[in-house]
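The block underneath contains the structure these notes are about, expressed in structure tokens.
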Amino acid sequence: METELTIQQVAKRTGLSIDTLRYYERIGLLEPVGRAQNGHRRYTQHDLDWIDLLIRLRNTGMPRAQMVRFAQLRRQGSATLTERRILLEQHQHSLEQHMQELEQHMAALQQKIARLKEREAQRDAASHPAHAFGQSEAALGASDPETK
């Protein structure tokens, strides 16, 4: 017999709240979850695997409407395999574009940090010229007006 988990156990394992799990079922992201004799939800490993995919889709920015569409297609069975693959490929393409944009932003940020570090080093060298060049500050200050 397959292990069945309560909604509290699934919430703890997945990091989703109980309200989110109920909401996902209500909007059709989750198929109606099996129930125990007392009426409480009982989730199977199959449910957990599907929830894991939903979390990944959500975390990668797939819009909820697309997630619902994907879930609807999944319920229709193998006749929708191609449509589901295309939907995921479109999302993958969007992710790749977003990752490229993030890489560009990261490169710009790294350049800015490097420039600021250079300016800090120049500032520190200018405020401590004796240490940087082995000369006394008094001698340097007298001959170089730019150090003040």
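The first residue of the sequence shown is numbered 1, and numbering continues consecutively from there.
With no hydrogens or angles considered, a side-chain donor-acceptor pair links Thr44 and Asp47 at under 3.5 Å.
No side-chain heavy atom of Tyr24 sits under 4.5 Å from any side-chain heavy atom of Arg64.
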Exercise answer: donor-acceptor pairs, residues 80-89 side-chain atoms, under 3.5 Å, sequence neighbours excluded:
{"from": "Thr80", "atom 1": "OG1", "to": "Leu73", "atom 2": "O", "distance (Å)": "2.6"}
{"from": "Thr80", "atom 1": "OG1", "to": "Gly77", "atom 2": "O", "distance (Å)": "2.8"}
{"from": "Thr80", "atom 1": "OG1", "to": "Arg84", "atom 2": "NE", "distance (Å)": "3.0"}
{"from": "Glu83", "atom 1": "OE2", "to": "Arg69", "atom 2": "NH2", "distance (Å)": "2.7"}
{"from": "Arg84", "atom 1": "NH2", "to": "Gly77", "atom 2": "O", "distance (Å)": "2.9"}
{"from": "Arg85", "atom 1": "NH1", "to": "Glu89", "atom 2": "OE1", "distance (Å)": "2.8"}
{"from": "Arg85", "atom 1": "NH1", "to": "Glu89", "atom 2": "OE2", "distance (Å)": "3.1"}

Please table the atom pairs, donor to acceptor, closer than 3.5 Å between any side-chain atom in residues 48-56 and protein atoms at least two apart or in another chain.
{"from": "Asp49", "atom 1": "OD1", "to": "Gln45", "atom 2": "NE2", "distance (Å)": "2.8"}
{"from": "Trp50", "atom 1": "NE1", "to": "Leu29", "atom 2": "O", "distance (Å)": "2.6"}
{"from": "Asp52", "atom 1": "OD2", "to": "Arg56", "atom 2": "NE", "distance (Å)": "3.2"}

Taking only distance into account, with no hydrogens and no angle test, what donor-acceptor pairs under 3.5 Å do side-chain atoms of residues 90-114 form with protein atoms, sequence neighbours excluded?
{"from": "His91", "atom 1": "NE2", "to": "Thr60", "atom 2": "OG1", "distance (Å)": "2.7"}
{"from": "Ser94", "atom 1": "OG", "to": "Gln90", "atom 2": "O", "distance (Å)": "3.3"}

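Within the structure, every pair that satisfies the side-chain hydrogen bond (donor to acceptor under 3.5 Å, both in side chains) test and touches residues 9-22, not counting sequence neighbours, is listed here: Thr6-Gln9, Ser17-Thr20.
In the displayed structure, Arg75 atom CZ is contacted under 6.0 Å by more than 12 heavy atoms of other residues, nucleotides or ligands.
Across all non-hydrogen atoms, the minimal contact from Gly28 to Ala71 is O-CB, 3.5 Å. Leu21 and Ala11 make their closest contact through CD1-N, 3.8 Å (heavy atoms, listed as atom of the first residue, atom of the second, distance).
With sequence neighbours excluded, the residues forming a salt bridge (charged side-chain N to carboxylate O under 4.0 Å, His left out) with Arg74 are Glu31, listed by chain and number. Checked against side chain to side chain contact (heavy atoms under 4.5 Å, CB included), Asn38 has the following partners two or more places apart in sequence or in another chain: Ala36, His40, Arg42. Applying the side chain to side chain donor-acceptor pair (under 3.5 Å) criterion to Glu25, with sequence neighbours excluded, gives Arg41.
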